[in-house]
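One structure below.
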There are 2 protein chains.
Amino acid sequence: MARRSDHSREEIHEMALSAAEKIVREQGYGGLSARKVAGAIGYTVGTLYLVFDNLDDLILQVNSRTLDRLHAQMLQEQSAHAPARERLLQLGHSYIRFANEDPHRWGMIFEHRFPPEQETPAWFRVKVERMFALVEARLEPLAGEHSANEIAQAARALWSGVHGICILAITDRLDIAGVSSVQQLTQFLMDNFLDGFISGCN
Amino acid sequence: MARRSDHSREEIHEMALSAAEKIVREQGYGGLSARKVAGAIGYTVGTLYLVFDNLDDLILQVNSRTLDRLHAQMLQEQSAHAPARERLLQLGHSYIRFANEDPHRWGMIFEHRFPPEQETPAWFRVKVERMFALVEARLEPLAGEHSANEIAQAARALWSGVHGICILAITDRLDIAGVSSVQQLTQFLMDNFLDGFISGCN
DNA sequence: ACCTGAACACCGTTCAAGT
DNA sequence: ACCTGAACACCGTTCAAGT
């Protein structure tokens with residue numbers, strides 16, 4: 001058998017990514033397999049390897065789209081005329097809401113390990129950087145005398161904190177229940193950190 | 001074939017856990033398999049299932065031992081007569097050092113997902129709680145007027161932050177290099193958070 | 001009683017062979 | 001040129017059969 005040409009290469013590519021996203025949403029990272037993706041789009045496993053290098057490549061491209069959606073949502077949910085401090089909090093809340101709406105897809109960004117021989121692709125780093133940049137931009141008007149380097153550090157420290165709360169809550173390692181408690185804890189972290197960072201307490 | 005009785009059940013149990021720890025240290029969570037563990041201790045796969053419920057059970061027991069070692073190390077590296085704030089920083093540094101010395105074994109604690117039908121075992125929660133308790137104890141003498149509930153929140157927020165930095169650094173998502181930068185970022189987070197939390201800036 | 005080895009239902013990846 | 005299907009080397013888990 002062979003030669004169907006029902007779909008172009010680009011169509012198969014897109015169908016596979018969508019199917020993979022659905023599987024991850026429903027069954028998590030561990031539930032994803034090349035055979036399942038192929039089955040879901042009505043092709044054989046071999047076909048996937050005409051369109052992707054391998055399963056890692058497919059996962060990377062799913063993660064890329066997830067990072068794009070996350071970034072877009074964080075941007076969109078910013079109320080333009082709110083004070084900088086409130087907008088910073090909104091970023092945290094957006095991040096947590098996103099993670100909570102699709103925990104598996106969000107989680108795969110961080111669960112997936114790049115094969116040790118090859119390092120993290122540059123474009124992937126850029127997409128992560130882009131998120132820190134969002135935080136830095138909101139931090140800047142609040143930072144007073146702090147240097148650009150200190151602002152960059154603050155963005156990384158603060159965002160690692162938000163991420164840490166998020167991942168521990170979602171994997172059920174924190175002893176708190178419900179999304180609102182997570183939002184509350186995030187606000188608590190950000191409030192205290194910002195109080196320390198902004199005013200010259202130190 | 002069969003009937004060797006070279007080792008008692010307990011010995012096989014211990015040998016399997018040790019072998020698993022070695023495999024995880026060298027090849028990571030993804031490199032662990034029942035067949036590899038069995039091969040490493042000179043038994044067949046089937047034998048493992050006389051001693052463990054399944055691979056999840058084995059992983060859980062490895063993680064349990066890792067949590068014990070982590071807790072012991074954090075306790076041990078506390079200098080008893082240092083001021084509370086310094087001891088709090090030491091906890092963070094211990095945590096990061098531990099993660100950095102054996103990233104795969106530390107990482108498996110958080111990468112492993114419990115099967116969705118059964119919830120997190122109670123004894124596992126206890127071991128995680130125990131770590132937060134360590135942080136709370138150091139936080140208490142610094143907390144002034146804060147309520148016990150606020151101290152508990154602060155411990156969770158702060159430790160999530162340390163954990164977040166740790167996991168992003170180890171999986172190469174932060175754009176910083178080397179352990180000392182990670183320690184520096186942790187100190188930066190803790191300093192600012194504590195300044196905000198302790199003094200009545202807010 | 002203790003352990004094996006083969007079986008079952010799954011993997012990722014490759015590639016000769018079909019249309 | 002496009003896609004298949006079978007193959008290879010792996011999985012976790014079970015269990016009849018051997019000593």
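Values below: every heavy atom of this structure, side chains too, minus hydrogens, waters and symmetry copies. Throughout, a chain's letter reflects where its sequence line sits, starting with A, and its residues are numbered from 1.
Distance OH (Y43(A)) to P (dG5(D)): 13 Å, rounded to an integer number of Å. Rounded to whole Å, atom P of dA16(D) lies 14 Å from atom CG of L50(B). A straight line from CD1 of I59(B) to C1' of dC11(D) spans 13 Å, rounded to a whole angstrom. A straight line from CD of E11(A) to P of dC3(D) spans 11 Å, rounded to a whole angstrom. Between the CG atom of L58(B) and the P atom of dT13(D) there is a distance of 10 Å, rounded to whole Å. At whole-Å resolution of the value, CG in L32(B) and P in dG12(D) are 8 Å apart. What separates OH of Y29(B) from C1' of dG12(D) is a distance of 13 Å, to the nearest Å. Separating the CG atom of L48(A) from the P atom of dT4(D) is a distance of 10 Å, rounded to the nearest angstrom.
Using a distance-only test at 3.5 Å, with no hydrogens or angles considered, no donor-acceptor pair links the side chain of R35(B) to the main chain of S33(B). In this structure a side-chain-to-backbone donor-acceptor pair under 3.5 Å is present from E150(A) to S147(A).
A ring-centre distance under 6.0 Å is not found for H93(B) and Y95(B). A centroid separation of less than 6.0 Å is found between the aromatic rings of H112(A) and F114(A).
Side-chain contact annotation: N149(B) with Q153(B), donor-acceptor N/O pair under 3.5 Å absent. One side chain, E14(A) or S18(A), offers a donor N or O that lies under 3.5 Å from an acceptor on the other. Residues S180(A) and Q184(A) bring no donor and acceptor atom of their side chains to less than 3.5 Å of each other. At a cut-off of 3.5 Å, with distance as the only test, a side-chain donor of R138(A) or Q78(A) sits close to an acceptor on the other residue.
Comparing atom distances between the I12(A) side chain and each of dC3(D), dT13(D), dT4(C) picks out dC3(D) as nearest. Listed candidates were dT13(D), dT4(C), dT4(D). Nearest to the side chain of Y49(B) is dT13(D).
Listed by first residue number, the stems of DNA chain C with at least three Watson-Crick or G-U pairs below 3.5 Å are C:4-8 with D:12-16, C:12-16 with D:4-8.
Comparing K36(A) and R9(B) by the nucleotide of DNA chain C that holds the closest heavy atom to each, the one mapping nearer the 5' end is R9(B).
The phosphate of dT4(D) has OP1 or OP2 within less than 4.0 Å of a side-chain N or O from T47(A).
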Can you pull every protein N or O that's under 3.5 Å from an N or O on nucleotides 6-9 of chain C?
from   : atom 1 : to     : atom 2 : distance (Å)
dA7(C) : N6     : R35(B) : NH2    : 3.3

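The existence of a salt bridge linking D172(A) and R113(B) is excluded, since no basic side-chain nitrogen approaches an acidic carboxylate oxygen closer than 4.0 Å.
Note on S33(A): only backbone sugar-phosphate atoms sit closer than 4.0 angstrom, heavy atoms only; bases stay farther off.
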